[in-house]
Amino acid sequence: MPELPEVETTRRGLAPRLTGHRLVAMTVRDHRLRWPIDAALPAHLRETTLKAIGRRGKYLLFDFGCGTMLVHLGMSGSLRLVDTQEPASRHDHVDWVFSPGRLLLRLRDPRRFGAVLWHTEAIEEHPLLRHLGPEPLEPGFDGRYLFQATRGAKASIKSVLMDSRKLVGVGNIYASEALFGAGIRPRMAAGRLTRDACDRLAAAVKHTLAAAIKAGGSSLRDYRGASGELGHFQIEAKVYGRGGAPCRVCHTPIRRIVQGQRASYYCPHCQT
DNA sequence: ACTGGATCCTGACTGC
DNA sequence: TGCAGTCAGGATCCAG
């Protein structure tokens, strides 16, 4: 499941192949995603031209001029360009065919937590986007913002990092990785972070996400790029999924805890 | 206003 | 080998 780097890598893989192409057909095999896919969407989109593919947080925004198609990959979704002859398998729920070139874009989502939505008003006012926090890789997100945004918060810093109203794009894996990078324990109350800790954490979030994008969004086990290639595994997790294994810095065993039903990992020596 | 928990769904893996 | 139980990358909704 895609966190911001995987979504951005997907966007960068698709945009040059699809931008400027005309959608000639859309096939919905299973409309039961997180929200049902609008049965009228194929008719809305037919014969429209894809102007651009944008991203807000983990949402991909396909701009067709007359409206925007939002795609969220949920926990298990992927978008790939495949050969038009390739038969659809069990969890391939949606196909889009673009011309010229007969390019076939295919959405696969076994757990069906993803979404495909259509919006014709200003996209930034969409109910799912309106309350989103800043993009972590843009200048609006920095230590000063993080410090201000966490004052008075009793919640753990890890849950704040994953709260899309405070900050978009950071999921369970990169939250643990960024906290390791900043030397902060995941259970630390967000409101108790010093300004210096916020500076370190904002920098670690940016660094962690940027490095993962640079590596092709490849830190996830079964992540595949826009053409279906496996991730490169160029980013080794420092702590995520490494409970009991020695810290790569100090060799202390990495701890696994559960916060809000999600696993968190940290080094009890490097993180305080 | 915040916060934590339950929830949607399927597949992969572990241990008996 | 089979089967039950556990865990998984998200984010909304709801109760306290």
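Quick note: numbers below take in every heavy atom, side chains included, and nothing from hydrogens, waters or symmetry partners. Chain identifiers are assigned alphabetically (A, B, ...) following the order of the sequence lines, protein sequences preceding nucleic acid strands; residue numbering begins at 1 within each chain.
Between the side chain of A:Arg262 and the base of C:dA8, no donor-acceptor pair of N or O atoms lies under 3.5 Å.
Rounded to an integer number of Å, the gap from CZ of A:Arg111 to P of C:dT6 is 16 Å. Atom-to-atom, CD1 of A:Ile257 to C1' of C:dC7 comes out at 17 Å; the value is rounded to the nearest Å. For A:Lys158 and C:dA11, the NZ to P distance is 13 Å, given to the nearest whole Å. Rounded to an integer number of Å, the gap from CG of A:Asp163 to C1' of B:dG4 is 12 Å. Atom CD in A:Gln259 sits roughly 9 Å away from atom P in B:dG4 (whole-Å rounding). C:dA11 atom P lies 13 Å from atom CD1 of A:Ile173, rounded to whole Å. Between the CG atom of A:Leu161 and the P atom of B:dT3 there is a distance of 14 Å, given to the nearest Å. Remark: C1' of B:dC8 and CG of A:Asp30 are 14 Å apart, rounded to the nearest angstrom.
A cation-pi contact links A:Arg151 to A:Phe147, judged by a cut-off of 6.0 Å to the six-membered ring centre and 45° from its axis.
Of the side-chain N and O atoms in A:Lys154, none sit less than 4.0 angstrom from OP1 or OP2 of B:dC2. For the OP1/OP2 pair of B:dG11 and a distance below 4.0 Å, the side-chain nitrogens and oxygens of A:Arg90 include at least one atom meeting the criterion. An OP1 or OP2 oxygen of B:dT10 is reached within less than 4.0 angstrom by no side-chain nitrogen or oxygen of A:His91. For the OP1/OP2 pair of B:dG4 and a distance below 4.0 Å, the side-chain nitrogens and oxygens of A:Gln261 include no atom meeting the criterion. At B:dT3, none of the side-chain N or O atoms of A:Arg165 fall inside 4.0 Å of OP1 or OP2 (strictly under the cut-off).
Ionic pairing of A:Lys58 and A:Glu6 is not present here: no N-O contact between side-chain nitrogen and carboxylate oxygen is shorter than 4.0 angstrom. In this structure, A:Asp199 does not pair ionically with A:Arg144, as no charged nitrogen and carboxylate oxygen lie closer than 4.0 Å.
The distance from atom CD of A:Glu3 to atom CD1 of A:Ile213, rounded to the nearest 0.5 Å, is 11.5 Å.
For A:Trp35, taking side-chain heavy atoms from C-beta onward, the closest of the listed nucleotides C:dG10, C:dT12, C:dA8 is C:dT12.
Of the P atoms belonging to B:dC9 and C:dC3, the separation is 24 Å, rounded to the nearest Å.
Contacts of A:Arg108 with the nucleic acid, taken as non-hydrogen atoms under 4.0 Å apart, are absent.
Across all strands shown, C:dA15 forms a Watson-Crick or G-U wobble pair with B:dT3, both key distances being under 3.5 Å. C:dC7: Watson-Crick or G-U partner is B:dG11, with both key distances under 3.5 Å.
You can call A:Phe113 stacked on the base of C:dG10; the centres are under 5.5 Å apart and the planes sit within 30°.
Looking only at atom types and distance, the side chain of A:Asp63 has no donor-acceptor partner in the side chain of A:Thr68 under 3.5 Å away. Counted by atom type alone, A:Gln259 and A:Ser264 present one or more donor-acceptor pairs between their side chains at under 3.5 Å.
Nucleotides of DNA chain B nearest to A:Arg112 and A:Val160 differ in position, and the one nearer the 5' end is that of A:Val160.
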